[in-house]
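Remarks on the structure that follows.
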Amino acid sequence: MPISFLPFAAPALLLTAALIGFLKPQRPGAGLLNIVQALAMLALIAALGSAAALIGIGSVTSPLLGINGIGLSVRLDVVSASMLLLVSFIGWIVVRYSATYLDGEARQGSFMGWLCLTLAMVMLLVIAGSLAQLVVAWTAISFGIHRLLLFYPDRIAAQRAARKKLVSARLANLALLSAAVLLAFAYGTSDIATILDAARSGEGGAMALAAAGLLALAALLKSAQFPLHGWLTEVMEAPTPVSALLHAGVINAGGFLLIRFADVMLLAPGVLAVLVMIGGFTALFGGLVMLTQPAVKTSLAWSTVAQMGFMIMQCGLALFPLALLHILAHSLYKAHSFLASGGAVDRIAAARRPGPVAIPNAKAVGRAFIAALATYALIGLAFEARASVQATALGAILIFGVAYLLAQGLADAAPRALTQRMAAYALAASLGYFTLHALAILLTAGTLPATPAPGPLEWTLIILGVLSFGVVAVAQAMFPLWAYHPAAAGLRVHLANGLYANAALDRLLGGWTLRPTR
């Protein structure tokens, strides 16, 4: 068997684990659970082997296992290898966590089956070398997640979240299927690598432009962008491993789709502009709402909404290598955040603070932004001397996060130790980000297209984006000052309710119910 088929081993092992769960749907016992965990570990090893094979043989597409362009094949390149490693690693962690978290729970075997099946479909999606495999895996993921969301089928909140997710998923499935048909007709093949090569040469015509629009629609629906974001903030009614899987894995499918078809997306600059606007607004909106949420998991959910918006904006700016880096970094930290959320409140309550909390005022925030921009001038621009305008603007937006980190340390009441610690964190974060930034561009060179020079519309969106994120960063840094001011009370209430977009969708779907899932 050609080595290009090696990535198929990872989903095959997870499908075997899923079968074990389905054969023993109630309480599978410690022995079978150990086998499931071992299979998840072997899937991770297979993903590592695939990455090693990529180093040895370079990007390659396996022969098609099917007829007439319909079947299974593997596209092995830096995008698929990194995503396969990410999914297999997080999958292994979530499977191990689930074995303990649901110990003794009725239908634990069924849960493990659907969990492993969903992971296997995500793996088939990220390694897909044919349009047919991509569409089938994408659709199967939606079905698996629906079953996991309704693990406790009698919970009204879980039914509401699953109902809204079902609407978004069905629309996304239809959009992707339509895009795949258009791509197949536009390029005369279902092989993804061939399509990308032709698109990079400027081929495809009107059908490729229409396909780019449908791909963008599918990605927006899958990534919980405003105003269809509400389901993602309500999945906490499902077991914690489902939240971790969703927020750290499945939610990235939309971004992966745009990255995989980056060459096709570059044919439609108008579509990319729409992604910048919707993604940018969702990022700003989610970041502000997150600050008003009192519950740990709900705050994490809104953080994911904001992060997915930022990732969509990166794709709209044609910064596909950085969007891939964003997926990898966000998934790892968000999986840890959800799985460790149970002890977060206890850890915060047990922490002993060395005196009063240092609340930054306007002067402290100003000093923080000056220091952050100076850091960018010294570190960021050194890494990005030849970077595109879009990448430079993105670096400026991300350095606002460093300003937020510095603000408390530069407050007038801040102890010297806090100031020094925040300065060290800010420096380490800046060095780490820009190093990874350069590494992502280096590793994906040749696989992902270079960022084109911006036109007038792109320049307008870039300037507007930098200014908007700057204003929101200032608001976040001064949150302790304005959040409880009487003049801001009404705004806080509106933000805490997500500007009521989710409530409007609830009313729209109010009369529709789901059949119980057992």
Side-chain angles (χ1 to χ4, degrees), residues 58-61 64 69 73 75-80 126 128-135 175-220 254-279 311-324 386-394 440-462:
S59 300
V60 64
T61 299
L64 180 72
S73 69
R75 174 60 183 169
L76 182 61
D77 58 15
V78 66
V79 174
S80 61
V126 300
S130 70
L131 293 174
Q133 179 179 331
L134 185 84
V135 172
L176 180 60
L177 176 61
S178 302
V181 172
L182 287 175
L183 288 173
F185 277 105
Y187 296 102
T189 180
S190 67
D191 181 71
I192 293 176
T194 304
I195 291 171
L196 297 180
D197 289 340
R200 189 168 297 191
S201 301
E203 301 175 20
M207 283 194 291
L209 295 178
L214 289 168
L215 289 171
L217 177 60
L220 290 170
F256 166 77
L257 185 68
L258 296 174
I259 294 168
R260 170 52 77 206
F261 290 98
D263 295 288
V264 175
M265 300 307 300
L266 287 180
L267 298 175
V271 174
L272 294 179
V274 172
L275 291 177
V276 172
M277 290 185 281
I278 295 178
M311 180 199 62
I312 291 293
M313 187 183 75
Q314 288 174 312
C315 292
L317 291 172
L319 297 171
F320 298 105
L322 303 189
L324 179 61
R386 298 182 180 180
S388 64
V389 172
Q390 293 94 321
T392 303
L394 185 69
I441 293 176
L442 176 65
L443 291 178
T444 57
T447 300
L448 295 176
T451 304
L457 176 60
E458 288 77 13
W459 269 108
T460 302
L461 292 174
I462 289 170

Non-hydrogen side-chain atoms of Leu183 and Phe261 separated by less than 4.5 Å: yes

Within the 4.5 Å heavy-atom criterion, are Cys315 and Ile259 side-chain neighbours or not? yes

Closest contact, heavy atoms only, Pro449 versus Ala262: CD-CB, 3.6 Å

In short, Ile192 meets Ala128 closest at the heavy-atom pair CD1-O, 3.6 Å

For the residue pair Gly204 and Ala186, what are the closest heavy atoms and their distance? O-CB, 3.8 Å

Does any non-hydrogen side-chain atom of Thr194 lie less than 4.5 Å from one of Tyr187? no

Any donor-acceptor pair under 3.5 Å from Gln390 side chain to Pro452 backbone: yes

Give the minimum heavy-atom separation between Leu134 and Phe256, together with the two atoms involved. CD1-CE2, 4.4 Å

Sorted by chain and number, sequence neighbours left out, salt bridge (charged side-chain N to carboxylate O under 4.0 Å, His left out) with Asp77 holds for Arg75, Arg260

Ile441 side, atom CD1; Leu324 side, atom CG - distance, nearest 0.5 Å: 11.5 Å

Per-pair distances, 0.1 Å, donor-acceptor, side chain in residues 454-461, under 3.5 Å, sequence neighbours excluded:
| residue | atom | partner | partner atom | Å |
| --- | --- | --- | --- | --- |
| Glu458 | OE1 | Gly455 | N | 2.9 |
| Thr460 | OG1 | Pro456 | O | 3.0 |

Heavy-atom distance under 4.5 Å between the side chains of Leu322 and Leu317, does that happen here? no

Using a 4.5 Å cut-off on heavy atoms from C-beta on, say whether the side chain of Leu176 contacts that of Leu215. yes

Roughly how far, to the nearest 0.5 Å, is CG of Leu214 from CE of Met207? 12.5 Å

Closest non-hydrogen atoms of Leu64 and Ser130, given as atom of the first, atom of the second and distance, are CD1-CB, 4.2 Å

Could you list the donor-acceptor pairs under 3.5 angstrom formed between side-chain atoms of residues 263-276 and any protein atom two or more places apart in sequence or on another chain?
| residue | atom | partner | partner atom | Å |
| --- | --- | --- | --- | --- |
| Asp263 | OD1 | Arg200 | NE | 2.7 |
| Asp263 | OD1 | Arg200 | NH2 | 3.2 |
| Asp263 | OD2 | Arg200 | NH2 | 3.1 |

Taking all non-hydrogen atoms of both residues, which atom of Leu257 and which atom of Ala219 are closest, and how far apart? CD2-N, 4.3 Å

Run Ile312 and Ile278 through side chain to side chain contact (heavy atoms under 4.5 Å, CB included) and show every step you take. CA-CA 8 Å; Ile312 291 293; Ile278 295 178; 5.7 Å; no

Could you tell me whether the side chain of Ser190 and the main chain of Ala184 form a donor-acceptor pair under 3.5 Å? no

